[in-house]
Amino acid sequence: MTIAPPQTTRVTTARVACDGAHDGIPTALGHPRVFLEIDERGYVDCGYCDRRFVLIGGPADAADGLAGAAA
C-alpha cells in the first residue's frame, strides 16, 4: 500500500493560515484555523491535516530546480 504525499500549496508569504478547507472540503468540515510560519527549510506542515505550505523561491520550492526538502 502506498501513502499519498501531503497536499502541497505554494505561497508567497512566510506566514500562512490553514483551516483544512481544500479539494471540496468546506471550512465547516475542516479543522480550527491555525497560523503557521515557514522557517529556513522553506516549508511548514499543518499539524492537523498535513498540508504542506512551500514558500515560492525558497529552498523547498521544486519550481526553482531544487528537489523537495528532506525533513
Side-chain angles (χ1 to χ4, degrees):
M1 183 168 125
T2 305
I3 297 174
Q7 179 183 9
T8 300
T9 303
R10 295 176 71 225
V11 296
T12 58
T13 61
R15 185 167 170 86
V16 296
C18 185
D19 60 11
H22 59 82
D23 290 344
I25 298 173
T27 302
L29 297 177
H31 58 69
R33 177 173 288 188
V34 293
F35 293 90
L36 308 164
E37 190 78 29
I38 296 174
D39 62 14
E40 67 278 350
R41 298 175 299 172
Y43 70 93
V44 67
D45 295 328
C46 176
Y48 283 98
C49 66
D50 293 330
R51 176 188 264 179
R52 177 167 286 184
F53 294 90
V54 176
L55 185 62
I56 294 173
D61 187 12
D64 67 2
L66 299 175

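Taking the side chain as every heavy atom from C-beta outward, R52 and T9 never approach each other to under 4.5 Å. At a threshold of 4.5 Å between non-hydrogen side-chain atoms, the residues C18 and H31 count as touching. V16 places none of its side-chain heavy atoms less than 4.5 Å from the side chain of F35.
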- Message: Assess the residue pair L36 and R15 against the criterion (side chain to side chain contact (heavy atoms under 4.5 Å, CB included)); give the C-alpha distance rounded to whole Å, side-chain angles, the decisive distance to 0.1 Å, and a yes or no.
- Response: CA-CA 6 Å; L36 308 164; R15 185 167 170 86; over 6 Å; no
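To the nearest 0.5 Å, the span separating OG1 on T8 from OH on Y43 amounts to 10.5 Å. Between atom CD of residue Q7 and atom SG of residue C46 there is a gap of 11.0 Å, rounded to the nearest 0.5 Å.
Note: the hydrophobic cluster containing F53 also contains L55 (ILVMFWY, side chain heavy atoms under 4.5 Å, direct or indirect links). Both Y48 and V11 belong to a common hydrophobic cluster when Ile, Leu, Val, Met, Phe, Trp and Tyr are linked at side-chain heavy-atom distances under 4.5 angstrom.
The two residues I38 and V54 make their nearest non-hydrogen contact at CD1-C, 4.3 Å.
Remark: D45 does not engage R51 in a salt bridge, criterion side-chain N to carboxylate O under 4.0 Å.
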